[in-house]
Amino acid sequence: MKIISDIQELRDHLRGQNRASFVPTMGNLHEGHLSLMRLARQHGDPVVASIFVNRLQFGPNEDFDSYPRTMQADIDKLEKEGVYILFAPTERDLYPQPQEYRVDPPQQLGDILEGEFRPGFFKGVCTVVLKLLSCVQPKVAVFGKKDYQQLMIIRQMAKQFALPVDIIPGETIRAEDGLALSSRNGYLSSTERAEAPELQKALREVRARVLELSERNVHSLSEIEKMAVNALAGRGWQPDYIAIRQQIDLAPASNESLQAGEPLVILTAAKLGKTRLIDNLEI
Ligand code: PAF
């Protein structure tokens, strides 16, 4: 595997490759990321991965400084997956001048859910993803469904800018107890780790209630959301949201959309101790 940090060198290496697939990451790779590498290979060759902890998407009180950086272990994993190029720019390589041009996603998608609790997050994500796509120029790029809203926003960005890239979704990979794999799981203490699968259980509970609701009117959708938030809070979590949304645009689901059989998704973010976890479940 070739490890490249310089944009021009990357372009020189990829010249003439018009079937490359790309998986951008922030490193600290786990099985979830590796499954994206395998999916990328099915859609285009060679596979290019990137590791870059993007300061622009972290808020001032977030974990940019403590975000786990495990470059050598990551390199070993990517080599085993047969990744062709690892693009691992420094901040100076990727942002040689202050990145003053930014991509601002529309409010109705960028300022809700994660965007409400992490102001500026999606602006930072879109800006770096557009830049990485411009550096790599892949035929396809793969993003995990665990970051459901991110995936949707990046898809819309690619569409609106007519970027010549297909955005491919990768399924969430879970530990045996149901916890979605995430680099931030490493922050959990052993007691918190034992509690963490409750987040996925809460989503399953919400799904069961929503399905029950579509058959007989037991609770309203907002009551279901509130009950789930209270149940998690009662277990010591600090939930930011549990939201039942339409898959198509992440707008709040209504009884009409439920009756019409619209595909829905339940999204959540909640803090356990100091660790903020996100997850989602499609209905
Ligand atoms: O999902 C992530 O790891 C990051 O948000 C991404 C897409 C690599 C952009 O920094």
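Position 1 is the first residue of the sequence; numbering continues from there. Treat the numbers as computed from the prediction; the structure is a model and nothing was measured. Both counts, for ligands and for their atoms, begin at 1 and track the order of listing.
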Is Q57 close to ligand 1, meaning an N/O of one under 3.5 Å from an N/O of the other?
-> yes

Distance (rounded to the nearest 0.5 Å) between D65 CG and R55 CZ | 7.0 Å

When you look for heavy atoms under 4.0 Å from ligand 1, do you find them on the side chain of T25, its backbone, both, or neither?
-> backbone

Interatomic spacing from CD in E31 to CG in L36 - rounded to 0.5 Å = 10.0 Å

Sub-3.5 Å N/O-N/O distance, Q150 and ligand 1 = yes

Measure from NZ or CZ of R69 to the centre of the six-membered ring of F64, then state whether that distance is under 6.0 Å and the direction lies within 45° of the axis.
-> yes

Spacing of D240 atom CG and I278 atom CD1 [to the nearest 0.5 Å] = 11.0 Å

Run the ring-centre check on F143 versus F22 and record whether the distance is less than 6.0 Å.
-> no

Among all protein heavy atoms, pick the one closest to atom 3 (O) of ligand 1 and tell me residue, atom and distance.
-> M26 CG, 3.7 Å

Ligand 1 to P24, heavy atom cutoff 4.0 Å, flagged ligand atoms 8 (C)

Mark up the atoms of ligand 1 that fall under 4.0 Å of a heavy atom belonging to V128, in ascending order.
-> 9 (C), 10 (O)

